[in-house]
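Numbering of ligands and ligand atoms starts at 1, following listing order. These numbers come from a predicted model, not from an experiment.
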Amino acid sequence: MDHFLYRDGVLFAEDVPVPEIAAAVGTPFYVYSVATLTRHVRLFDEGLAGLPHLICYSMKANSNQAVVKLMGDLGAGVDVVSGGEYARAKAAGIPGERIVFSGVGKTREEMRMALEGGVRQINLESEPEMRALSEVAAAMGVTVPVAVRVNPDVDARTHEKIATGKSENKFGIPISRASEVYAEVAAMPGLEVVGIDVHIGSQLTDLQPYRDAYSLVASLTKQLRAEGHAITRLDLGGGLGIPYERSNAAPPLPTEYCDVVRETVGDLGCEIEIEPGRLIAGNAGLLVARVIYVKEGEGRRFLILDSAMNDLVRPSMYGAYHDIVPVAEPAAGVDYAPYDVVGPVCESGDTFAKGRMLPPLSEDDLVAFRSAGAYGAVMASEYNTRPLVPEVLVGGDQFDVIRARPSFDEIVRRDKVPAWL
Ligand SMILES: *Cc1c(COP(=O)(O)O)cnc(C)c1O
């Protein structure tokens, strides 16, 4: 469910007509809904009610500080995967004790930054990384709570580029080696084992891989405890999928996911950490674009938009599907026809959809890509020197720009031409 609905023939973001934002901000732009973001956090909170838990929003899905601050206000923490995300989380007011640091290649500098600013837990992904963190922590005279990311070798049944829990993926240590690795970590100065971490992939539409992975984590918890480790937290990662294509079968609901958590690891007396990203932010955002031209090609009709692959890369990167809807509600009974929906970037890959059935559209019409709140703006670039797409936040009848579109002047000034050239 989201808060982007037609009212009186026009698409609204909560109580604001989308054309009003377009007039104020220009196109293209992202718009996010406070009500939808809030609802998604609450669904997980309610699903895990009764279990000690912390939602650590995976901020790589959407790292705008306004969104991150909202997460903090709702009581959530964050999962960060870089020093940059850590800095943003702190700037957005997330206290160190609610920041989990994940990622396959944390540098010593990033480790130092987290230890200085405060961190709830660092998730370790390899033995060289463990040794590095131990050295950094010991040199600073501190002890850092850690979990080891185990790779359970389960098939997440998702797109290969976002599957992370198979043995051929670069993430974590093989679960079969966990016992040995935990013994090593426990012996290293500066590190305190507090839990186990697992994250098997993104856009999962089936609960079985979770059931398999979390059952393995439950057995591992018992085994590691028997070996003398104090396992008090389980970080179960994120990855729950969202319905990009409305006509398709709906993926599991957060409550159903939380039931799997309860059934598999709920009786271990551990604090549960979950790291949803896409499910919280995905359907809370639209990318709004304007039609530049409708071009009649040979046997096909191109809808050329002012948004492009640099603004929303998921279709060209993953072949991802996004619902595209006109901002003016189509009249009942109007004829739909196939369009190839493209951007102006000089790449054939700059195609959002081929043969997409849409109502009649013409120059200057507004369209919206649904489910664009996660892995949208964060993956945007300035390819073709197209200014980074701005972001807008709506709450009720209010809206504000939460990241402005840079001017051509700002872009041009960023390059430095050496005096000797
Ligand atoms: C990307 C990521 C997540 C979030 O995944 P979603 O599919 O957006 O829920 C959570 N944890 C880790 C470690 C990640 O890398």
Among Arg370, Arg314, Glu245, Arg356, which residue meets the side-chain hydrogen bond (donor to acceptor under 3.5 Å, both in side chains) test with His322?
Arg314
Side chains of Pro152 and Val217: closer than 4.5 Å at any heavy-atom pair?
no
Numbered atoms and elements of ligand 1 in range of Gly238, under 4.0 angstrom, heavy atoms:
9 (O), 10 (C)
Nearest heavy-atom approach of Asp364 to Arg290 is O-NH1, 2.8 Å
Could you tell me whether the side chains of Gln398 and Glu14 share a donor-acceptor contact shorter than 3.5 Å?
no
The option among Lys60, Gln203, Glu125 carrying the non-hydrogen atom nearest to atom 1 (C) of ligand 1 is Lys60
When you compare ligand 1 with Gly239, is there at least one nitrogen or oxygen pair between them that comes in under 3.5 angstrom?
yes
Side chains of Leu305 and Phe369: closer than 4.5 Å at any heavy-atom pair?
yes
Look at the aromatic rings of Tyr257 and Phe44 and report parallel, tilted or perpendicular, splitting at 30° and 60°.
perpendicular
Below 3.5 angstrom, do we get any N/O pair linking Glu275 and ligand 1?
yes
Which ligand 1 atoms, with their elements, are less than 4.0 angstrom from a heavy-atom of Asp79?
11 (N), 12 (C), 13 (C)
If you define the side chain from C-beta out and look only at heavy atoms, does anything of Leu393 sit under 4.5 Å from Phe399?
no
Do the side chains of Ile280 and Met71 get nearer than 4.5 Å, heavy atoms only?
yes
Is Gly277 close to ligand 1, meaning an N/O of one under 3.5 Å from an N/O of the other?
yes
For Ser58, the atoms of ligand 1 under 4.0 Å from one of its heavy atoms are 1 (C), 2 (C), 3 (C), 4 (C), 10 (C)
For Tyr375 and ligand 1, does the shortest N/O to N/O distance drop below 3.5 Å?
yes
May I ask you to check if ligand 1 and Arg278 share an N or O to N or O distance below 3.5 Å?
yes
Please could you name the atoms of ligand 1 that Pro276 approaches to less than 4.0 Å, counting only its heavy atoms?
9 (O)
Which residue and heavy atom of the protein sit nearest atom 7 (O) of ligand 1, plus the separation:
Ser202 OG, 2.3 Å
Please classify the Leu279 to ligand 1 contact at 4.0 Å (heavy-atom distances, strictly less than): side chain, backbone, both or neither.
neither
